[in-house]
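This report concerns only the one structure given below.
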Amino acid sequence: MNFDFSDDQKQLRDQARKFLAEKCSPKAVRVVLDGKAPYDKELWKGLAGMGFLGVAIPEEFGGAGAGHLELCVIAEEMGRANAPVPFSSTVYLAAEALLIAGSDAQKKKWLPAIASGEAIGTLALFEGKGNPSPKTIKLTATNGVLNGVKKPVADGAIADFAVVAARTGSSGRESDVSLFLVDLKAGGVEVKSLTNLDPTRGQAEITFKDCKAEPLGAAGEGWSILTQVLDRAAVLCAFEQVGGSDRALEMGRDYALDRIAFGRQIGSFQAVKHMLADMYVSATLARSNSYYGAWALSTNAAELPEAAAAARISATQAFQHCAKNNIQVHGGMGFTWEFDCHMYYRRANAMALGLGSLSYWEDRLIDRMRKKNAA
Amino acid sequence: MNFDDTPQEAEFRATARAWISANAPKKYEEELRKSSLGRTALKNADILKVAKAWQKKKADAGWACLHWPREYGGRGSSPIERVIWSQEEGPFGQLSRMFIIGHGMCGPTMMAFAREEHKRSYLPPLASGEKVWCQLFSEPAGGSDVAGLRTRAEKEGDDWVINGQKIWTSGAHYSDYGILLTRTDPTVPKHKGLTMFFLDMKSSGVEVRPIKQASGASDFNEVYFTNVRIPDHQRLGEVGDGWNVSLTTLMNERSAIGAAVSTGFPELFEYCSSLMLDDGPAIEDRAVRSKLANWAVKASGLKYTSMRAISALSKGERPGPENSIGKLVAGSMIQDVATYALDLQSASGVISGEDAELAGRFQAMLLRAPGTRVEGGTDEIMRNIIAERVLGLPGDIRVDKDVPFNKIPTKGRG
Ligand SMILES: Cc1cc2nc3c(=O)[nH]c(=O)nc-3n(C[C@H](O)[C@H](O)[C@H](O)COP(=O)(O)OP(=O)(O)OC[C@H]3O[C@@H](n4cnc5c(N)ncnc54)[C@H](O)[C@@H]3O)c2cc1C
Ligand SMILES: Cc1cc2nc3c(=O)[nH]c(=O)nc-3n(C[C@H](O)[C@H](O)[C@H](O)COP(=O)(O)OP(=O)(O)OC[C@H]3O[C@@H](n4cnc5c(N)ncnc54)[C@H](O)[C@@H]3O)c2cc1C
């Protein structure tokens, strides 16, 4: 057994960390936070230049052809830096959907554009409240023409294309759902930006009005593809959450060392020490669950569905826990706009919802464990 | 033991109800009902103006600061009458929020320590909301450790000259007066060198700078003092006795009864009662019910704890440190409740503001909640108070207690 990343992968992590420390300082993140730009274009270009956007995209489609373990280490760094770019939408959702279900032509068209930073992609799945389920898909596709509304769509206002889940049948079964690819710049869509918990990442409502779309994957296979995409994205997002947890923990630890109250470092009070120790425990459990998810993802193991749900739950809890108690360790300072604590609190709570609620993933985990047990 | 009104209480309730029904600003009722932690503004009106108008109306009819003596602008009511009033006032009680610090903390401190002529001139306009007060205690170097504050007061003739900085002062930007804790002697141990004053916030040399909060709003401020002169007759308590004076304020802070801290539970229960989940009404979902039940008993536990405290108060007992439990429980609970409400909305829970579910009520609550766990004493300080003052456990080893203030270390690492 060797349940660890390789030296090359660790080197890649160091490289990504160094790059992001330079190009994605909290000050840079704040440009987007304060609404002065919809995302950090310079950083996006830089990430393409480093080969990070296409790290898991095969060479024949313009990527680096490394793999998902490499993508995991980069994801962790993206989370740690709270990067204000559409990385998860483009790389974990759109690119993964293309890799799983795209035709050769579709892959040739979009994957090189993703790797080079020219195309931003996203997944248009949700239609208001409710967890991912075939029932909630109301947007219709008739003869390749889409009508309906998707909301929220992560990075929807800056995306060039979207993978759209549409209803193509009315049998009440999963096979009613098919996926489509939509060039968002080609007309037939209306995009409205929505205010959201984490202004460093956009959310939008997209209305499709007689919008032309091409099928992605076979008709009626949409739900099964989506399930795979969500599982894969769950692992990758978990790494972002682990990176965010670690950063929040570090910020809290550093502040506890520097801040004096009652003539002592506040880190010398057990209440603070134990708060930080508990954050460390959450972050460590999340990291280990995520490593297992990474293994399952990179080997396409049968365990992936269960491992993905476990990583998702564990990392969601850890990031929320670390982000909120990082504020607590900072006292009044933690509750200011000026300190960075709230950026992680916002990101943690937004990420907790992005792929469907925590309760939804809890349900999935137990379902999958039961299935495995029965088998 | 019973919860029924006595005949006098019933009569009081009927009178209060009739007066509120005839006089309350009804056009804001719906909006006030929908407001909650993190979202108290009115859409088409300045809430401060509406609040002041309501407070003035109450004062004119003898319904302001019910438990205060009449000569200071109150009604001389019993603690239980005060509870009855707040039950009857309902959503309009939201309008008292901007007066909590003045009525709950500054007023009682003035009553205990100010000269009689000052009480008679300053307290009635405080009660009526014509003048708003703030609490100038915390500083960059002293929040939990408020006795570690550095703002200097030096005697010059009959005046004191103030230099220094306060921080996190809620409402300083709309306040007329403040109570100010200062250091008058840095050469003695820190608790011994403090002195309390009250001052006019429009005094020359006072500068208020709003601070943007994590939630995006700006409810608190930095306040700078540059050679601000305060006459000695505005001193509260003896020179060097400021710590004891401030304890009066802080004890009152904890027992600002009636203005019970919000838990978010009523809002969540109402939400779940009408929410449809993927497979049926939320209120029929086992997992949702389990969460609700757990929060329900915390909320009711707090409610009845505060009723017990009020009963004790009405028998003349002083509010004690056990009142710390309210904010400790409610602070983290409202954060958890808001998080769960968003979870029930799934991905769309990320949307905030007007486009969001219930116009973003729970999103605003989530973003404001971290402040509740810090303001008025952090969770950790509340636990220390319960452990030390209620349970009698020994305090932490204090490295700063008997050391002259100017010899206490101020830096962490390096
Ligand atoms: C099932 C079991 C098996 C054990 N096996 C072994 C063994 O094989 N070999 C061996 O040498 N010992 C063994 N121990 C003993 C064990 O290490 C001690 O019981 C333990 O270290 C606690 O010490 P104590 O009993 O003196 O309790 P105390 O140290 O008196 O602790 C009492 C309480 O105070 C708390 N406390 C104490 N100090 C601090 C502090 N600095 N900060 C915060 N809280 C504190 C503790 O957490 C505890 O809640 C065993 C104990 C148990 C229960
Ligand atoms: C929304 C809001 C409104 C406020 N309004 C006012 C106001 O109107 N007037 C006013 O004077 N102040 C106000 N405050 C300030 C508030 O009282 C302080 O922020 C609070 O007491 C914490 O102090 P601090 O910010 O200096 O944090 P610190 O005291 O530096 O605390 C940092 C961390 O260390 C922990 N800690 C510190 N000491 C100990 C200890 N002995 N044992 C264990 N843990 C410890 C804390 O719990 C916290 O986790 C407000 C604060 C907020 C957030």
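Numbers restart at 1 for each chain; the letters A, B, ... are given by sequence-line order, proteins then strands. Side-chain atoms are counted along with the backbone in the values below, which use heavy atoms only and exclude waters and symmetry mates.
Of the listed residues (A:I260, A:L355, A:I327, A:D254), the one with the most heavy-atom contacts under 4.5 Å to chain B is A:I260. For chain A, the option among B:D396, B:L367, B:T378 with the highest count of heavy-atom pairs below 4.5 Å is B:L367. Interface check for chain A: of the options B:G371, B:P409, B:G353, the most heavy-atom pairs under 4.5 Å are formed by B:G371. Note: B:S215 leads B:A369, B:A364, B:G142, B:S215 in heavy-atom pairs under 4.5 Å with chain A. Per-residue heavy-atom pair counts under 4.5 Å with chain A were compared for B:K401, B:E357, B:R383, and the maximum is reached by B:E357. Looking only at heavy-atom pairs under 4.5 Å with chain B, the residue among A:A261, A:G128, A:P152, A:A271 that has the most is A:P152. Heavy-atom pairs under 4.5 Å with chain B peak, among A:Q320, A:E127, A:R346, A:M343, at A:R346. Between chain B and the options A:C341, A:G332, A:G354, A:A352, the largest number of non-hydrogen pairs under 4.5 Å is found for A:G332. The most heavy-atom pairs under 4.5 Å with chain B, out of A:L257, A:T136, A:L194, A:N325, come from A:L257. For the set A:F262, A:F126, A:Y345, the entry with the most heavy-atom pairs within less than 4.5 Å of chain B is A:F262.
Proximity to chain B is absent for every atom of A:M351, based on heavy atoms less than 4.5 angstrom apart. Using a 4.5 Å cut-off between heavy atoms, B:K190 contacts chain A through its side chain alone, with no backbone atom that close. If you measure heavy-atom distances from A:N349 to chain B, the contacts under 4.5 Å come from the side chain alone. Using a 4.5 Å cut-off between heavy atoms, A:S133 does not touch chain B at all. Only the backbone of B:T410 comes within contact range of chain A, with heavy atoms under 4.5 Å apart. For chain A, the nearby parts of B:R368 are the backbone and the side chain; heavy atoms of each come within less than 4.5 Å. Using a 4.5 Å cut-off between heavy atoms, B:L366 touches chain A through backbone and side chain atoms alike. Proximity to chain A is absent for every atom of B:N384, based on heavy atoms less than 4.5 angstrom apart. Residue B:I408 touches chain A through its side chain alone, counting heavy-atom pairs closer than 4.5 Å. Heavy atoms closer than 4.5 Å to chain B are found in the side chain of A:F269, but not in its backbone. Only the backbone of B:A141 comes within less than 4.5 Å of a heavy atom of chain A; no side-chain atom from C-beta onward does.
Residues B:S346 and A:G356 share a closest heavy-atom pair of OG-CA, 3.5 Å. Nearest heavy-atom pair, A:Q328 versus B:D379, reported as atom, atom and distance to 0.1 Å: NE2-N, 3.6 Å. Nearest heavy-atom pair, A:G334 versus B:A214, reported as atom, atom and distance to 0.1 Å: O-CB, 4.3 Å. For the residue pair A:G263 and B:D400, the shortest heavy atom distance occurs at N-OD2, 3.8 Å.
Rounding to the nearest 0.5 angstrom, the gap separating the NE2 atom in A:H342 from the NZ atom in B:K212 is 8.0 Å. Taken to the nearest 0.5 Å, the CH2 atom of A:W337 stands 14.5 Å off from the CD1 atom of B:I211. A:N131 contributes atom CG, which lies 9.5 Å from atom CG of B:D279 (distance to the nearest 0.5 angstrom). In this structure, OG in B:S348 is found 11.5 Å from CD in A:E205, a value given to the nearest 0.5 Å. Here A:K129 contributes atom NZ and B:I351 contributes atom CD1; the two are 11.0 Å apart, rounded to the nearest 0.5 Å. In this structure, CH2 on A:W361 lies 13.0 Å from CG on B:D343, to the nearest 0.5 angstrom.
Between the side chain of B:E380 and the main chain of A:V272, no donor-acceptor pair closer than 3.5 Å is present. Checking side-chain atoms of A:T195 against main-chain N and O of B:S352 turns up a donor-acceptor pair under 3.5 Å. In terms of modelled atom types and a separation under 3.5 Å, the side chain of A:R264 and the main chain of B:I397 share a donor-acceptor contact.
Salt bridge annotation for A:K192-B:D355: present, with a cationic side-chain nitrogen under 4.0 angstrom from a carboxylate oxygen. Residues A:K324 and B:D336 are paired through a salt bridge, judged by an N-O separation under 4.0 Å between the basic side chain and the carboxylate.
Contact annotation: the side chain of B:W168 approaches that of A:T336 to within less than 4.5 Å [non-hydrogen atoms, C-beta and beyond].
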Between A:L358 and B:T339, is the side chain to side chain contact (heavy atoms under 4.5 Å, CB included) condition met? List the steps. CA-CA 10 Å; A:L358 191 59; B:T339 307; over 6 Å; no

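Within 6.0 Å of atom OH in B:Y224, more than 12 heavy atoms from other residues, nucleotides or ligands are found, so the atom counts as buried in its surroundings. In B:E388, the CD atom is crowded: over 12 heavy atoms of neighbouring residues, nucleotides or ligands sit closer than 6.0 Å. Remark: A:R173 CZ is loosely packed, at most 12 non-hydrogen atoms of other residues, nucleotides or ligands lying under 6.0 Å away.
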